[in-house]
Amino acid sequence: MAESQASYEPAVVERKWQERWRAQRANSPELDRAERPFYQLMMFPYPSAEGLHIGNVFAFTGNDIYGRFQRLQGNTVFEPIGFDAFGIHSENYALKVGIHPMELIPKNIENFRRQLRRVGLMVDWSHELSTTDPAYYKWTQWIFLQLLNKGLAYKKKAAVNWCPSCKTVLSNEQVVNGECERCGSAVEQRFLEQWFFRISEYAPRLLANLDWIDWSETTKTAQRNWIGKSEGAEVRFEISGSGKREAGSVPAPPAASPSPDIRVFTTRPDTLFGATYLVLAPEHPLVAEITTPEQRAAVEAYLDQTARQDLVSRRVTDKVKTGVFTGAYAINPATRRPIPIWIADYVLMEYGTGAIMAVPGHDERDFEFAVTFGLPIVRVVAGPGQDSATPFDGAAYTETDGAHLVNSDRFDGLSVPEGKKRIVEWLESVGAGKGVVNYRLHDWCISRQRYWGPPIPVIYCDRCGVQQVPERDLPVLLPPIEDFRPDDSGVSPLARHEEWYRVPCPECGAMARRETDVSDTFLDSAWYFLRYPNTEYDDRPFDQARTRKWLPVDSYIGGNEHAVLHLLYTRFITMVLHDMGYLDFEEPFERFRAHGLIIREGAKMSKSRGNVVNPDEYIEQWGADAFRTYLMFLGPFEEGGDFRDAGISGVKRFLDRLWASVHEARETGEPDPAVMRKLHRTIRKVSEDIPRLSYNTAIAMMMEYMNVLRAGERTPHRAEVEPLVSLAAPFAPHIAEELWERLGHERGVFDSGWPEYDPALLEEDEIDLVVQVNGKVRGKIRVPREVPRDAALERALTEPGIAKFVPDTPKRVILVPGRLLNIV
RNA sequence: GCGAGAGUGGCGGAAUUGGUAGACGCGCUGGACUUAGGAUCCAGUGGGGAAAACCCGUGGGGGUUCGAGUCCCCCCUUUCGCACCA
């Protein structure tokens, strides 16, 4: 290879290949012709004004390596990218700089495209998408309508954080210490009509499928916890005492409605005999009805106090328990005794039934509450060595192992699990309750009282009620209004534009009103992977044949910060579309792997610390290939790593030596057998490590091979070098293409296959066997690989350095074939 | 509090099923080539010990084993989620 041995200039090489890939559409496969389609999906970025973050580069490079590896294996790889450009991030930034998002976002996207190209990703730019494109969100709106049709979208009042000064809704992130992050006023909760998706109906399936999908365990665990299945019982408590039906201002329920029993959910039905009071959430519908006249003022004051809190501080666990007595009593079905009904904000309306039976003896929160308000505490579970009279010693007894029931009448003496079972059976037999399964997962609120999102495609008509926007009228375009800034009017920005929201009812034609909320960004990203292969279709969200060929996604890699929201919503939407017959699979991603996070010099990267890595600068200085390879080298991909500026030089040196090796390689003579053996071991190691995303060790092995290849300033043989170019290609694609071309190949390296290793070449006939005496390493002996134990021992004893530690009669001799000999 | 993960040289990090701890890289030391080197190449580099012999070493303490970074028990530190979920 004596040809033009110009030195390695990354900038020149990278520009050349990026231009060529673009010109030849090298990364845009013909989707309908692919024989072995492989869909490599990366989590699309939010196009911030700051540009590509190092975390994006890390994640995308890791994806790209896997995708390029699959292509080298002979698959047709589709590696698309797009932009998640709607949402509060973009809107807030636009507000801050005073530029309309419709102007800002295209600029940001343009900058992202430039940066992504420089990284050298194998992206198919012909299928790029943006969630803000009407051609995209038309189908986001269509999906909303599908859920509405299926009865999976509904409207209800729900609490939001409300800033009384800005007169706007705040997300939990915008509430800081109970105050509005912008103006500092105390945040309150308000109840607004919002759209929800019934994801909770899918909880059992979302949970069950986790058992078989090939996802990172950490992600699956996070989803399991989030779905939060718990088994227990629902118990019905009759209301007794003077409070019932005495609330003059409250109309009595219609005759048909059942008596207003209070239903509670508990995971500890075994403690039923210890329930000494009930607690309702402040929002519980029966509160007004059961409150006695004497207690009315106190209860109203408490409800008012609760409403004044924001949703974040309401949930602080370590605050002092507060509550108020309603004046009413219920009957404990087990003891038949009346117990008081309280209201407290530690009970949440959105979990279970919004009411609990309090068992202060065996629940920490109930214990604390009972102590605060002087309510009775009864022991119904006793641990080993305890009995029914054992005092509590200042805390609830929550252990269950080895414990038995006491003060529980005929259930005394049962273990906790047995007690649960028997008491549930009893409840069912007397009609006072039943065993139930509860999930913490609650329905997905998709309404946003904001501007920068897809309008929810619904029209309200005074005569016809809630009407869908007909499919032919989609998309409902987001109007380019100037005053997208929230103001004092107290409504979402679109609600200030009568010319936009006043439309004829699609049913009767009378003047009606559009929904003025937009949908959650997570809805945009819950289906984008379906759109990528179908971006050219404007008459359907996704084509059936195309989708059958390319989906589900073969490999998805992304951050674990999306473990629960994005990845759960995506699974939900896929299941719904599957159930409606649009998809023939119900899990969107065959394989998902969560990558780690990059920190810098031991600390998290942040603007305030001033240690944010700007990818442009590093690519400028070292080249994209070195930058990519270094990012993959600094730690295990699934764990992340510590970015240290000094480290990148080692990787650059490796690429320099690769360049030199190709140019110096001789074509005459024979390759060295020992070097070839190392080469084949390297091929095996890299081939095994890439699928495991063990990129750092794959790179280390290539470096090790490089050291062997060039040891003692030897001149490598072409056969020793050429396969290394292929191995390095997924990591450093530009230099690999260039060197491959310089090696005289007409086809690009990515279409030239992956090197195979020869198993026969991996092992030597003679090995160094480690010899231990009493477990301590004392030396090495050169022996045939399959040496028998006694022969190895004999050989070992000829080494004076070993023999001197060996006693006259060894008790035991252990041979681990191919590894070591231990003489005891 | 609950859940998941992590503690290995000066630093980032290696180490199938228990089988040579510290691969690879950075840094450092010495050398070669050089007018020069922050370029390149070669060699060395866990600690103690004079170079040897040898001893000690994977957060701490126990244990199992011929053999433990790896398995078991207890404890400490730390990162990240979720946080009054009944």
Which nucleotide in the set B/A86, B/C84, B/G25 lies at the smallest distance from any side-chain heavy atom of A/Phe633? B/G25
Have a look at A/Gln772 and say if it touches a base, only the backbone sugar-phosphate, or nothing, with a 4.0 Å heavy-atom cut-off. base
side-chain N/O A/Asn707 vs B/G25 OP1/OP2, d < 4.0 Å: yes
If you count the non-hydrogen atoms of other residues, nucleotides and ligands that lie under 6.0 Å from CD in A/Glu561, is the total more than 12? yes
Do A/Asp214 and A/Lys220 sit within salt-bridge range, that is, some charged N less than 4.0 Å from a carboxylate O? no
Anything under 30° is parallel, anything over 60° is perpendicular, the rest tilted; go ahead and classify A/Trp215 against A/Phe592. tilted
Base, sugar-phosphate, or nothing for A/Ala646, non-hydrogen atoms under 4.0 angstrom? sugar-phosphate
NZ/NE/NH1/NH2 to OD/OE distance under 4.0 Å, A/Arg714 and A/Glu720: yes
Between B/G67 and B/A21, how far apart are the two C1' atoms, rounded to whole Å? 14 Å
Salt bridge or not for A/Asp366 and A/Lys321, using N-O below 4.0 Å? no
Please state the C1' separation for the pair B/C33 and B/C26 - nearest whole angstrom. 24 Å
Counting only Watson-Crick or G-U wobble pairs whose two distances fall under 3.5 Å, which nucleotide matches B/A15? none
Any salt bridge between A/Asp642 and A/Arg600, counting N to O under 4.0 Å? no
Specify the separation, in whole Å, of atom CD1 of A/Ile699 and atom C1' of B/G25. 10 Å
Determine the contact category for A/Asn822: base if any of its heavy atoms lies under 4.0 Å from a base atom, sugar-phosphate if only primed atoms, P, OP1 or OP2 are that close, otherwise nothing. base
If you check every side-chain atom of A/Arg778, which of B/U17, B/A86, B/C54 has the closest atom? B/C54
Looking at A/Arg653, does any N or O in its side chain come under 4.0 Å of the phosphate oxygens OP1/OP2 on B/U40? yes
What is the minimum heavy-atom distance between A/Val783 and A/Val787, and which atoms define it? CG2-CG1, 3.8 Å
Distance between the C1' atoms of B/U8 and B/U77, in whole angstroms? 15 Å
Checking all strands, does A/Asn696 fall into the base, sugar-phosphate, or nothing category for heavy-atom contacts under 4.0 angstrom? sugar-phosphate
What's A/Val777 touching, base or sugar-phosphate or nothing? Going by heavy atoms closer than 4.0 Å. sugar-phosphate
I'd like the C1' distance from B/A36 over to B/A43, given in whole Å. 23 Å
Assign B/G9 to syn or anti; the rule is syn for a glycosidic angle within 90° of 0 and anti otherwise. syn
If you assign A/Arg710 and A/Thr697 each to the RNA chain B nucleotide with the nearest heavy atom, which residue ends up on the more 5' nucleotide? A/Thr697
Phosphate OP1/OP2 of B/C56: any A/Lys776 side-chain N/O under 4.0 Å: yes
Determine the Euclidean distance between corresponding C1' atoms of B/C76 and B/G37; express it in Å to zero decimal places. 49 Å
Interatomic distance, A/Asp645 CG vs B/C11 P [rounded to whole Å]: 18 Å
Note: A/Arg692-A/Asp689 ion pair, threshold 4.0 Å (strictly below): yes
5' priority, RNA chain B, between A/Lys685 and A/Ala355 [closest heavy atom]: A/Lys685
Quick one: label A/Arg600 by what it contacts on the DNA or RNA (base, sugar-phosphate, nothing), any heavy atom closer than 4.0 Å. nothing
B/G3 -> Watson-Crick or G-U wobble partner, both distances under 3.5 Å, gives B/C80
C1' gap between B/C75 and B/G27, integer Å: 35 Å
With a 4.0 Å cutoff (strictly under), does any side-chain N or O of A/Lys220 reach OP1 or OP2 of B/A4? no
Would you please classify the geometry between the A/Trp444 ring and the A/Tyr569 ring as parallel, tilted or perpendicular, with 30° and 60° separating the classes? parallel
On the side chain of A/Lys321, is there an atom forming a donor-acceptor pair with the base of B/C84 - under 3.5 Å, no angle test? yes
Identity of whatever pairs with B/A52 - Watson-Crick or G-U, under 3.5 angstrom: none
Separation of A/Ile599 atom CD1 from B/G13 atom C1', in whole Å? 12 Å
Under 4.0 Å, counting only non-hydrogen atoms across every strand here, what does A/Val264 touch: a base, just sugar-phosphate, or nothing? nothing
Nearest to the A/Thr221 side chain among B/C84, B/A4, B/C24, which nucleotide is it? B/A4
Starting the side chain at C-beta, find the nucleotide from B/C66, B/G12, B/U20 nearest to A/Val770. B/U20
Which whole-number value in Å describes the distance from A/Glu664 CD to B/C41 P? 10 Å
Taking the same atom, P, in B/U58 and in B/A68, what whole-Å distance lies between them? 11 Å
Would you mind classifying the nucleic acid contact of A/Lys604 as base, sugar-phosphate or nothing, using non-hydrogen atoms under 4.0 angstrom? sugar-phosphate
If we take the C1' atom in both B/G69 and B/U17, what is their distance in whole Å? 16 Å
Looking at A/Arg644, does any N or O in its side chain come under 4.0 Å of the phosphate oxygens OP1/OP2 on B/G13? no
Can you tell me which nucleotide in B/G19, B/C24, B/C26 comes closest to the side chain of A/Ala700? B/C24
Under 4.0 Å: is that the gap between some side-chain N or O of A/Ser649 and OP1 or OP2 of B/G25? no
The Watson-Crick or G-U wobble partner of B/C28, with both key distances under 3.5 Å, is B/G44
Base-pairing assignment for B/G57 (Watson-Crick or G-U wobble, both under 3.5 Å): none
In whole angstrom, give the distance that lies between atom CD1 of A/Ile341 and atom P of B/A86. 22 Å
Whole angstrom is fine here: how far is it from CD in A/Glu639 over to P in B/U78? 20 Å
Is A/Ile814 touching bases, backbone alone, or none of the nucleic acid, heavy atoms closer than 4.0 Å? base
Nearest whole Å is fine: how far is B/G13 P from A/Phe643 CZ? 14 Å
Atom CZ of A/Arg819 and atom P of B/C66: how far apart are they, to the nearest Å? 20 Å
Pair assignment for B/U34, Watson-Crick or G-U wobble, requiring both distances under 3.5 Å: none
